[in-house]
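Structure, as structure tokens:
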There are 2 protein chains.
Amino acid sequence: MELLSVCLGVYYGEFTTAAASENLTASQGKALTVLRRGPAAMRTLARVLTCDASNITGIVDRLEKRGLVRREPSTSDRRIKNVALTAAGENVADAIRAKMRTTQAGLDGLSDEERASLHVLLERVFVPPTGP
Amino acid sequence: MELLSVCLGVYYGEFTTAAASENLTASQGKALTVLRRGPAAMRTLARVLTCDASNITGIVDRLEKRGLVRREPSTSDRRIKNVALTAAGENVADAIRAKMRTTQAGLDGLSDEERASLHVLLERVFVPPTGP
DNA sequence: TATTGTTATACTCTATAACTATA
DNA sequence: TATAGTTATAGAGTATAACAATA
């Protein structure tokens, strides 16, 4: 428990620093990281970032003002706005990922077998089994 | 890397919820958790919470107003104020810890051997070797 | 001179509540 | 009626810069 807290603190600290080096807050960096997988509705973004939907407006506002994301109307539901990374946003998201050096180096220091083992153990601790 | 981010989210979310159930923010809860190990100077607290020293004033102010911590002058250096948990603060810190049920249950689900293995792997990834 | 804690300031994140436009 | 996004608001966290007291 203690060690988990320390490790996750290191990880979060490194992510915050990486985001800051691109002049982004941790929340903004996290939003870009999420959008790296593909566009998402404002509501979806709120759920993934585990914050109230009203907060997303401001976060996306600031990212959009810097040209890192854009809002696109949904074709199927006119209430929905999808947020997508711009080319500049993709570059920044990639840059943040690349700057997670300590964590990445630590992972690279493990053998494939050890990495797989860590993966399994972390999943068992943190990813709750989906009941029927 | 991806999984680490998920684990961090789960752990941090659970901690935030546990702190909120005691009407505390995550930062306040973290401060109590740190002080559980013993009193610390304002400056030390800032370093552990990885934030600027100026922020600690407000965080400790709010905790002190609720009677969870107290400021004590250092006997050896009159510039220093040590922050210590009150009895009430200890109770709240214990309550937060007890409410980290999902994480604790996940850890309890591992065998002693698996837990030891996880410990070793996490240390290798996150705790950098101290060079000479 | 350097360090500790504080204050003042500005920005961001956060939840709540109320609003609009759609469904 | 219910949902998606927005706005307004208030409280909290955050870094920066400047300050008084002490080392």
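Residue numbers begin at 1 in each chain, while the letters A, B, ... track the order of the sequences. Quick caveat, the model's predicted, so the values are computed rather than measured.
When the P atom of D:dA8 is taken as reference, atom CG of A:D61 falls 12 Å away, rounded to whole Å. As rounded to whole Å, 14 Å separates atom C1' of D:dG13 from atom CG of A:N55. To the nearest angstrom, C1' of C:dT6 lies 7 Å from NZ of B:K81. Counting to the nearest Å, the P atom of C:dT14 and the CD atom of B:Q28 are 15 Å from each other. Nucleotide C:dT12 holds its P atom 11 Å from the CG atom of A:L24, rounded to whole Å. One interatomic measurement links the two molecules: CE of B:M42 to C1' of C:dT7, which rounds to 12 Å at whole-angstrom precision. The nearest whole Å value for the distance from the CD1 atom in B:I59 to the C1' atom in C:dC13 is 14 Å. Taking atom CG of A:L49 as the reference point, atom P of C:dT12 lies 17 Å away to the nearest angstrom.
No more than 12 heavy atoms of other residues, nucleotides or ligands sit less than 6.0 Å from atom CZ of B:R97.
A:S74 and A:S76 share a donor-acceptor pair across their side chains, judged by distance under 3.5 Å alone.
In summary, of the residues considered (B:E22, B:Q104, B:E14), a side chain to side chain donor-acceptor pair (under 3.5 Å) with B:K99 occurs for B:E22 alone.
Each of A:R62 and A:R79 was assigned the nucleotide of DNA chain C with the nearest heavy atom; the assignment lying further toward the 5' end belongs to A:R62. Annotation: of the two residues near DNA chain C, A:S54 and A:T25, the 5′-most nearest-nucleotide partner is A:T25.
For D:dA4, the OP1/OP2 oxygens have no side-chain nitrogen or oxygen of A:R78 closer than 4.0 Å. Neither OP1 nor OP2 of D:dG13 sits under 4.0 Å from any side-chain N or O of B:K30.
Residue contacts shown for B:D77 are limited to sugar-phosphate atoms, with no base heavy atom under 4.0 Å away. Residue contacts for A:A26: at a heavy-atom cut-off of 4.0 Å it reaches no nucleic acid atom on any strand shown. Contacts of B:R43 with the nucleic acid, taken as non-hydrogen atoms under 4.0 Å apart, include base atoms. A:S27 comes within 4.0 angstrom of the backbone, heavy atoms only, and of no base.
Counting heavy atoms from C-beta on, the side chains of A:V92 and A:R66 never come closer than 4.5 Å.
Relative orientation of the A:Y11 and B:F126 rings is perpendicular, given thresholds of 30° and 60° on the angle between their planes.
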